[in-house]
Structure formats: structure tokens, C-alpha cells
Amino acid sequence: RSAGDGGSGGDPQDNAQNDNNLLGTILRLDIDSATPFAIPPGNPNAGNSVCTQGTGAAPCPEIYAWGLRNPWKFSFDRANGDLWAADVGQVAWEEVNLITLGGNYGWRQREGANCFNPA
């Protein structure tokens, strides 16, 4: 599952760089072993409490990767299992990212490989 940054243009609340909320992230959940879900033990913050209502006092254990603006499509490479995600740009750059466990993709400080920080 993925979630956009939840903000208006430029992510003024800097949600995508705050791993204490689920905005601007790709989530990894185990839906087979618990109801409604469990946290996979390999997630970066797996020992933390689940982020109730989308926020928490510590980094959310549901997060697999963050720093995304609005990931709208992702897919696994069938040949090697890599996860790739398309992320909507703000002004000039759309992105396709190789998503890695614990990766931070830089939104709002970066838009693709370029600097972006309207504040």
C-alpha cells in the first residue's frame, strides 16, 4: 500500500519527511497472520507501536519506505523481486524509483535528482 503526502502543493507540513505519520510512504503489512494486520519483523521500525489514526509518537512500524510525494503505481520485477514505484512530481520531474527497505526518497527537499524546498 502507498500513501501520498496529504498536503497541498509543496507538502507544506513536510509530511513525507516525518516518519511518525503514514503520509508520503510505502507500507509493508502482513495481512495473513493477524486481524486486521501484523507488522513484518523486517520493517525498519518493527518494534514500535502501530500508528493509530495514521500518526504515532515514534516512527511508524508500518512504513517500508518514505519521502515520496504521491506514489501512484508500484510493481515487483518478476526476474529479481526488486520493487519499483512511480511517484508524481510537483513542478518539473516525475520519478520512477527503485524502492529499498528503509529508503528515504527525499520529497520535499528533492524532486527527483533536483533540489526542491519551497520553505
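Linking ILVMFWY residues whenever their side-chain heavy atoms come closer than 4.5 Å, directly or via other members, leaves Val91 and Val88 in distinct clusters.
Looking at Arg1 and Ile26, their side chains never come closer than 4.5 Å, going by heavy atoms from C-beta outward. Contact of the Arg110 side chain with the Cys115 side chain is registered, since non-hydrogen atoms from C-beta on lie closer than 4.5 Å.
Among pairs with a residue in residues 72-95, none fulfils ring-ring contact (aromatic ring centres under 6.0 Å, His included), at least two apart in sequence or across chains. Sorted by first and then second residue, the side-chain hydrogen bond (donor to acceptor under 3.5 Å, both in side chains) pairs involving residues 25-45 (not counting sequence neighbours) are Arg28-Asn43, Asp30-Ser33. Within the structure, ring-ring contact (aromatic ring centres under 6.0 Å, His included) pairs that include any residue of residues 14-54 do not occur (at least two apart or interchain).
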Side-chain donor-acceptor contacts of residues 3-11 below 3.5 Å, not counting sequence neighbours, with atom names and distances?
{"unit_1": "Asp5", "atom_1": "OD1", "unit_2": "Gly7", "atom_2": "N", "d": "3.0"}
{"unit_1": "Asp5", "atom_1": "OD2", "unit_2": "Trp107", "atom_2": "NE1", "d": "2.8"}
{"unit_1": "Asp11", "atom_1": "OD1", "unit_2": "Asp14", "atom_2": "N", "d": "3.4"}
{"unit_1": "Asp11", "atom_1": "OD1", "unit_2": "Asn15", "atom_2": "N", "d": "3.0"}
{"unit_1": "Asp11", "atom_1": "OD2", "unit_2": "Asn15", "atom_2": "N", "d": "3.1"}
{"unit_1": "Asp11", "atom_1": "OD2", "unit_2": "Ala16", "atom_2": "N", "d": "3.0"}

N/O donor to acceptor pairs below 3.5 angstrom from side-chain atoms of residues 55-69, sequence neighbours left out:
{"unit_1": "Glu62", "atom_1": "OE2", "unit_2": "Cys51", "atom_2": "N", "d": "3.1"}
{"unit_1": "Arg69", "atom_1": "NE", "unit_2": "Gln90", "atom_2": "OE1", "d": "2.8"}
{"unit_1": "Arg69", "atom_1": "NH1", "unit_2": "Gly89", "atom_2": "O", "d": "2.8"}
{"unit_1": "Arg69", "atom_1": "NH2", "unit_2": "Gln90", "atom_2": "OE1", "d": "3.0"}

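Contact detail for Ser2 and Pro71: the closest heavy-atom pair is OG-O, 3.1 Å. When every heavy atom of Pro40 is checked against every heavy atom of Ala46, the shortest pair comes out as O-CB, 3.6 Å. Nearest approach of Asn70 to Asp87, heavy atoms of both residues: N-OD1, 2.6 Å.
Looking at residues two or more places apart in sequence or on another chain, you find a side-chain hydrogen bond (donor to acceptor under 3.5 Å, both in side chains) between Asn80 and Asp82. Thr100 meets the side-chain hydrogen bond (donor to acceptor under 3.5 Å, both in side chains) test with Tyr105; sequence neighbours excluded. In this view, Asn114 satisfies the side-chain hydrogen bond (donor to acceptor under 3.5 Å, both in side chains) rule with no residue, not counting sequence neighbours. With sequence neighbours left out, Gln17 forms a side-chain hydrogen bond (donor to acceptor under 3.5 Å, both in side chains) with Asn104.
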